**Q** 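Got a structure here, written out as C-alpha cells. Questions coming.
Everything quoted here is computed from the prediction, not taken from an experiment. When reading the values below, keep in mind they use all heavy atoms of this one structure, side chains included, and skip hydrogens, waters and symmetry mates.
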Amino acid sequence: MNLLLPPNPLLFWLSVCISLPILLLAIRYAPWRHLLASQTRQHAFFGSVLALALLWLLQVSVQDTLAIHPLLMTVIAMVFGWSFATLMGAAALVVLEIYQIPLRALSLDWDVSIAQFDLSTLPVDFCLSVVVPVGWAWCVLWLVDRWKFKNPFTYFWGVGFFGAMLSCIWLGLAALLLFSVSDSYLQLATVQENFILFVLMTFPEGFVNGLIATVMTVLYPDMVKTYRDDWYLKD
C-alpha cells in the first residue's frame, strides 16, 4: 500500500523512527558474504527488486488517497531472509518512484515529471508495504520451524499461502493504527471505509505467494534461504 498524498509531519517522522532502526538492523545482519559469493543470487536479488517495483505499478487508487497493490513480500522473505527482504522492499519503493517518471511523462512534460519525483511518502510506504508483511512472514516461519508436524506442505502453504493471506489483514490493521496515532484523519477514514479491500486481497495474495514459493522450493531449493531439507524431509 502506498500513499498518494504527502504525509503530515507527525506521520512522516513517526514512520522514520520506525523505519530507520529496522533498516540499520537489516544492513547489519544481512549475509552480504553469501550474496557476494554467488553471482546467481546477485542476479536474483537485483532482478527481484526490479520485478517487485514493476509489479507494484499494478495499483488501484482508493479515493485518490491510497494505492493498493500486490505485496509479494512473504515469498521474498522466504527466499532471501528477513534482512535482504527488508532492504529489497526499500529499494523497490525507490525504483517504483523512478518507474513512474516516464509514466507521468506520457501526459506531462519531462521536466514536470522529474520535478514530481518525491520520496516523502517512502517511510510510510516502507512501514506498511515492507515491514508489516516481512515481519509477519518471519513470525510464521518461526512458528513453522517449531511445529512438530514435519511436511513440506507446512512450508509451501502454511507460510507461502496462509501466511501471505493473513499479511493483508495485518497490513490493514497496521494502517489503521499508524494513521490513528499520527492523526492522519483523511488516510484513516479511507482505510476504515474501504477495509473490505484488504480482505479481498487475501486470496490472490496467498495464491501468488504460495505458487511462487512452491515453484522456487521444488526447482531451486538451494536458492530458498529459509527452506531446510533436513527438517521438512527428515521423516
Side-chain angles (χ1 to χ4, degrees), residues 1-27 30 32 35-36 42-73 75-77 80 83-134 171 174-175 178-179 182-191 194 197-198 201 205 208:
M1 186 176 73
N2 296 334
L3 294 186
L4 298 179
L5 298 175
N8 64 38
L10 179 57
L11 177 59
F12 176 82
W13 288 111
L14 178 60
S15 301
V16 168
C17 291
I18 297 172
S19 304
L20 195 56
I22 294 174
L23 277 173
L24 293 176
L25 286 173
I27 294 172
W32 297 104
L35 178 66
L36 297 175
Q42 292 172 31
H43 292 163
F45 181 93
F46 293 111
S48 297
V49 170
L50 298 177
L52 196 59
L54 190 63
L55 179 73
W56 287 352
L57 284 174
L58 305 175
Q59 46 186 236
V60 177
S61 175
V62 182
Q63 297 181 0
D64 295 326
T65 305
L66 305 172
I68 295 179
H69 54 73
L71 297 173
L72 257 70
M73 291 308 303
V75 70
I76 294 291
F80 293 96
S83 53
F84 276 145
T86 302
L87 298 175
M88 291 168 69
L93 287 171
V94 177
V95 175
L96 173 64
E97 189 63 28
I98 296 173
Y99 280 166
Q100 290 176 339
I101 294 176
L103 293 179
R104 286 193 292 260
L106 295 176
S107 57
L108 302 171
D109 292 335
W110 272 97
D111 55 346
V112 177
S113 300
I114 295 174
Q116 290 184 352
F117 183 83
D118 183 16
L119 296 179
S120 63
T121 63
L122 182 63
V124 183
D125 297 342
F126 176 75
C127 286
L128 296 176
S129 296
V130 179
V131 173
V132 171
V134 170
L171 170 61
L178 185 62
F179 295 149
S182 62
D183 296 332
S184 303
Y185 299 115
L186 180 59
Q187 291 87 348
L188 178 62
T190 302
V191 174
N194 299 276
L197 293 177
F198 296 98
M201 285 173 58
E205 182 73 22
V208 175

**Q** Is it the case that atom OH in Tyr185 sees more than 12 heavy atoms from other parts of the structure closer than 6.0 Å?
**A** no
**Q** Should Val49 and Phe46 count as side-chain neighbours, where that means a heavy-atom distance under 4.5 Å?
**A** no
**Q** When you measure from the side chain of Ser129 to the backbone N and O of Met1, does any donor-acceptor pair fall under 3.5 Å?
**A** yes
**Q** Which residues satisfy the side chain to side chain donor-acceptor pair (under 3.5 Å) test with Gln187, sequence neighbours excluded?
**A** none
**Q** Taking only residues two or more places apart in sequence or in another chain, which ones pass ring-ring contact (aromatic ring centres under 6.0 Å, His included) with Trp110?
**A** none
**Q** Roughly how far, to the nearest 0.5 Å, is the CG atom of Leu128 from the OG atom of Ser19?
**A** 9.0 Å
**Q** Indicate the atoms forming the closest heavy-atom contact of Val130 with Ala90, along with that distance.
**A** CG2-N, 4.3 Å
**Q** Check side chain to side chain contact (heavy atoms under 4.5 Å, CB included) between Ser83 and all other residues, then give those that pass, not counting sequence neighbours.
**A** Ala26, Ala30, Pro31
**Q** For residues Leu3 and Phe179, determine if any side-chain heavy atom of one lies less than 4.5 Å from a side-chain heavy atom of the other.
**A** yes
**Q** Looking at residues at least two apart in the chain, or sitting in another chain, which of them share a side chain to side chain donor-acceptor pair (under 3.5 Å) with Ser113?
**A** none
**Q** Hey, could you give me each pair passing side-chain hydrogen bond (donor to acceptor under 3.5 Å, both in side chains) that has a residue in residues 42-53? Not counting sequence neighbours.
**A** none
**Q** What's the shortest heavy-atom distance between Ala85 and Phe80, and which atoms?
**A** N-CB, 4.5 Å
**Q** Only counting residues at least two apart or in another chain, list the ones meeting side chain to side chain contact (heavy atoms under 4.5 Å, CB included) with Leu25.
**A** Tyr29, Trp82
**Q** In this structure, are over 12 heavy atoms from other groups packed under 6.0 Å from Trp32 atom CH2?
**A** yes
**Q** Quick one: list whatever passes side chain to side chain contact (heavy atoms under 4.5 Å, CB included) with Leu122, sequence neighbours left out.
**A** Leu93, Val94, Leu119
**Q** Who are the ring-ring contact (aromatic ring centres under 6.0 Å, His included) partners of Phe198, not counting sequence neighbours?
**A** Phe195
**Q** Identify the two heavy atoms, one from Leu72 and one from Glu205, that lie closest to each other, and give their separation to 0.1 Å.
**A** N-OE2, 2.7 Å
**Q** So, do Thr121 and Pro7 sit near enough that their side-chain heavy atoms are less than 4.5 Å apart?
**A** yes
**Q** So, the side chain of Asn2 versus the backbone of Leu66: is there a donor-acceptor pair under 3.5 Å, distance only?
**A** no
**Q** Throw together a table of side-chain donor-acceptor distances under 3.5 angstrom for residues 51-62, partners on residues two or more places apart or in other chains.
**A**
from: Trp56; atom 1: NE1; to: Pro70; atom 2: O; distance (Å): 2.9
from: Trp56; atom 1: NE1; to: Leu71; atom 2: O; distance (Å): 3.2
from: Gln59; atom 1: NE2; to: Trp56; atom 2: O; distance (Å): 2.9

**Q** Under the salt bridge (Lys or Arg N to Asp or Glu O under 4.0 Å) definition, can you give me all pairs with a residue in residues 98-121, not counting sequence neighbours?
**A** Glu97-Arg104
**Q** Could you measure the distance from the CG atom of Leu103 to the CD1 atom of Ile98? Nearest 0.5 Å is fine.
**A** 12.5 Å
**Q** Which residues satisfy the side chain to side chain contact (heavy atoms under 4.5 Å, CB included) test with Leu10, sequence neighbours excluded?
**A** Asn8, Ser182, Asp183
**Q** Under the rule for ring-ring contact (aromatic ring centres under 6.0 Å, His included), what residues qualify as partners of Phe126, not counting sequence neighbours?
**A** none
**Q** Any side-chain heavy-atom pair from Leu35 and Phe84 closer than 4.5 angstrom?
**A** yes
**Q** Do you know the tightest heavy-atom contact between Ser15 and Cys127?
**A** O-SG, 3.6 Å
